[in-house]
Every structure is written in structure tokens, then in C-alpha cells.
Amino acid sequence: MYTKINQAYQYIHKIYPYPIDIAIILGSGLGPLAQEIKVEQTIPYQDIPSFPLSTVKGHEGQLTIGKIHQKTVIAMQGRFHYYEGYDMSDITLPIRVFSKLGIEKLILTNACGGIRDDLNPGDIVCISDQISLFCPSPLRGPNLDEFGPRFKDMTEIYNSQSQKLLHEIAQKQKINLKDGIYCFFQGPMFESPAEIQAIKALGGDLAGMSTVGEAIVARHCGMNTLGISLVTNKAAGLSNNELSHQEVIDTAKKAEDKLVKLIKELIKNW
Ligand code: HPA
């Protein structure tokens, strides 16, 4: 694993040997956020040694490095999912690489289904915690001591101070920001209504197919992480609509401006 991480790290560091403040992972249909970056470098995943490739529609497959409000950011336009066939260690490789690049702050974004009654398409949610029950542990196997300890505390996967700041910014920008617990499902099929009811009973508010592994690894690396979800649909069985990836992308497009505004202000003030 160290070899893979180092290869990717060295390739990116050679192209961009300057400090980077914040890494952002852009979820389904949220790729256009990268248009807000004053671009200094773009690096296609296929050029980065040992990096996986993004195979999902709505995920572009490149790193974009540049400035937003004086801050240097690196954005993953397109992420890797378990359902694409990758191991969790490959899905979370970019997080290790970001940590090795000295990046301390991470924004994870995703599109998800709303489980809690008040969560509707278009809502933006600050992830307060997560349920990784169905997610194979990305920390399985030999511990990467260089990044963190074998048995890492997970009481604050998403940094509480940063969540507070995000809420303050949302309030100032008059953006309605809710809180919620994100639950991982392997996908690629959407959940069954019974699965959604089971997770609802366990305290899950949001259903999605990403984020959780990346957040665990970021916590292991000691990164300051925020998770921001865009609800693109009511979760399975909670509306009469048949779920589709197209609906996810269409709703994400509609809510994009709001999300871009929130994240830009966060970057400015974080
Ligand atoms: N379930 C899982 N992942 C998702 C959903 C959903 O309802 N919507 C967008 N991503």
C-alpha cells in the first residue's frame, strides 16, 4: 500500500510542489463545482500511477488544483465507489495521498437519498456522523503507522468545530442547512424499502454509496473533515417515484448553485 501511495504522491507533488490548503471530493453531478476554481493544474486520473479510474456517468476523472478565494484547493472531479469493483483501500487511496501532500482539511460531498421525514430533494445536509455497517473497513490489513494508529477513535469523524462554522456560514448566506447521519450502502442498486426502514429505525437519516470509507481514512490520518450531502431523492419506498441515476443527476444540477455558494464561503472562512 505504501508503494501505491508514494507513487501517486510523488507524481502529483512533482507537478504541483506547493502547499495545498483544502481537498474536496465532488460527488455525483457535483463536478461543476470545479468550475469555480482558478485552475493552475489539472491531472487526469489515468496519468497518476496506481490511481483507479472513475467509471461512473457524472464523474469526470481528474484532479483540479488551483485557487478559490486565495486558498489553494485540490478537487477530485469524480470519485471511486465500492460498487465499481475497487477495494476500499483503493477507493481511499486519494485521501492517503492528500494527507501525504500535507493537506489537513477535507470536504466530502455526495448525492444521497433522504430517509428522515423532513429530508427532501434539493436539501443540503451537514453530515454529523455516519453508519458504516455495510461498508468493509478501509483500515483492514496491516496498519499504515505513518498515517495513524491501529485502533483509531471515531467519535468525531466529522470535525464538530468545522460543522459549527459551516452552520454559521449557511445562516449568513441564508441557505437552509440541516444535519443528518449518513448510512453507507454498497450499491450500485438502490436500497429496498425494507432496508431503508431498518436503517431509519437504527438512526440513519441519509442513504448513499460513498463518503464513509473516505471519512474513516481521513480520520485515521488526523484530517479535519466535513461531509456535505445533497439530497437528490427520497430514499426507496418513501415516495412514488422509481429511483434513477438520471433523477440524481438532474436534482443535483438544480441545487448546484446553492451548494457552490456554501462551499465557496466555507473555503474562504475555513
Ligand atoms: N440511495 C443511495 N445512494 C444514493 C441515493 C439513494 O437513494 N440517491 C443518490 N445516491
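In this text, all values refer to a predicted model and were calculated from it rather than measured experimentally. Side chains included, hydrogens not; waters and symmetry mates left out as well; all remaining heavy atoms used.
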With ring pair (Phe, Tyr, Trp, His ring centres under 6.0 Å) as the rule and sequence neighbours excluded, what pairs involving residues 85-130 come up? Phe80-Tyr86
Pair Arg79-Thr211, side chain to side chain contact (heavy atoms under 4.5 Å, CB included): steps then yes or no: CA-CA 9 Å; Arg79 62 142 60 85; Thr211 303; 3.5 Å; yes
Go through the side-chain N and O atoms of Thr92 and Glu214 and say whether any donor and acceptor fall under 3.5 Å apart. no
Under a 4.0 Å N-O cut-off, is there an ion pair linking Lys178 with Asp118? yes
For the pair Glu156 and Arg219, find out whether any cationic side-chain nitrogen is under 4.0 Å from an anionic carboxylate oxygen. no
With side-chain contact (heavy atoms from CB on, under 4.5 Å) as the test, pick out the partner of Ile107 among Ile267, Ile25, Val73. Ile267
In terms of ring plane angle, is the pair Phe184 and Tyr82 parallel, tilted or perpendicular, where the classes change at 30° and 60°? perpendicular
Which heavy atom in Leu177 sits nearest to a heavy atom in Cys126, and how many Å separate them? CD1-N, 3.7 Å
Residue pair Thr155 / Asp153, side-chain donor-acceptor N/O under 3.5 Å: yes
Looking only at heavy atoms, what is the nearest atom pair of Val97 and Ala8, with distance? CG2-CB, 3.8 Å
Could you tell me whether Lys100 and Glu146 have a side-chain N and a carboxylate O separated by less than 4.0 Å? yes
dist Asp123:CG -> Thr251:OG1 (nearest 0.5 Å) comes out at 11.0 Å
Looking only at heavy atoms, the pair that brings Pro136 and Gln186 closest together is CD-NE2, 4.0 Å
Taking only Lys NZ, Arg NE, NH1 and NH2, and the carboxylate oxygens of Asp or Glu, determine whether Asp90 and Lys4 approach each other closer than 4.0 Å. yes
Over-ring placement of Lys71 relative to Trp270, 6.0 Å and 45° cut-offs: no
Can you give me the closest heavy-atom contact between Leu106 and Ile95, atom names plus distance? CD2-CD1, 3.9 Å
Separation between CD (Gln171) and CG (Asn176), nearest 0.5 Å, reads 10.5 Å
Is a salt bridge present between Asp205 and Lys200, judged by a nitrogen-to-oxygen distance below 4.0 Å? no
Side-chain contact, heavy-atom cut-off 4.5 Å: Met76 with Leu26? no
So, for Phe134 and Phe185, is the gap between ring centers shorter than 6.0 Å? yes
When rounded to the nearest 0.5 angstrom, what distance separates NZ in Lys264 from CG in Leu259? 12.5 Å
Quick check: closest heavy atoms across Val212 and Ile131, and the distance to 0.1 Å? CG2-O, 4.3 Å
Please check if the distance between the ring centroids of Tyr16 and Tyr18 is under 6.0 Å. yes
Value for CG (Leu243) from CZ (Phe190), rounded to nearest 0.5 Å, stands at 5.5 Å
Output side-chain donor-acceptor pairs under 3.5 Å for residues 221-239, partner residues at least two apart or in another chain, one line each.
{"unit_1": "Asn224", "atom_1": "OD1", "unit_2": "Ser162", "atom_2": "OG", "d": "2.8"}
{"unit_1": "Asn224", "atom_1": "ND2", "unit_2": "Ser162", "atom_2": "OG", "d": "3.2"}
{"unit_1": "Ser229", "atom_1": "OG", "unit_2": "Asn110", "atom_2": "OD1", "d": "2.8"}
{"unit_1": "Ser229", "atom_1": "OG", "unit_2": "Asn110", "atom_2": "ND2", "d": "3.4"}
{"unit_1": "Thr232", "atom_1": "OG1", "unit_2": "Cys112", "atom_2": "O", "d": "3.3"}
{"unit_1": "Lys234", "atom_1": "NZ", "unit_2": "Asp117", "atom_2": "O", "d": "3.0"}
{"unit_1": "Lys234", "atom_1": "NZ", "unit_2": "Leu119", "atom_2": "O", "d": "3.2"}
{"unit_1": "Lys234", "atom_1": "NZ", "unit_2": "Asn120", "atom_2": "OD1", "d": "3.2"}
{"unit_1": "Ser239", "atom_1": "OG", "unit_2": "Asn241", "atom_2": "N", "d": "3.2"}

Closest contact, heavy atoms only, Ile103 versus Ala23: CG2-N, 3.6 Å
Taking ring-ring contact (aromatic ring centres under 6.0 Å, His included) as the definition, give me every residue that meets it alongside His167, ordered by chain and number, with sequence neighbours left out. none
Under 3.5 Å, is there a donor-acceptor pair linking the side chains of His13 and Gln10? no
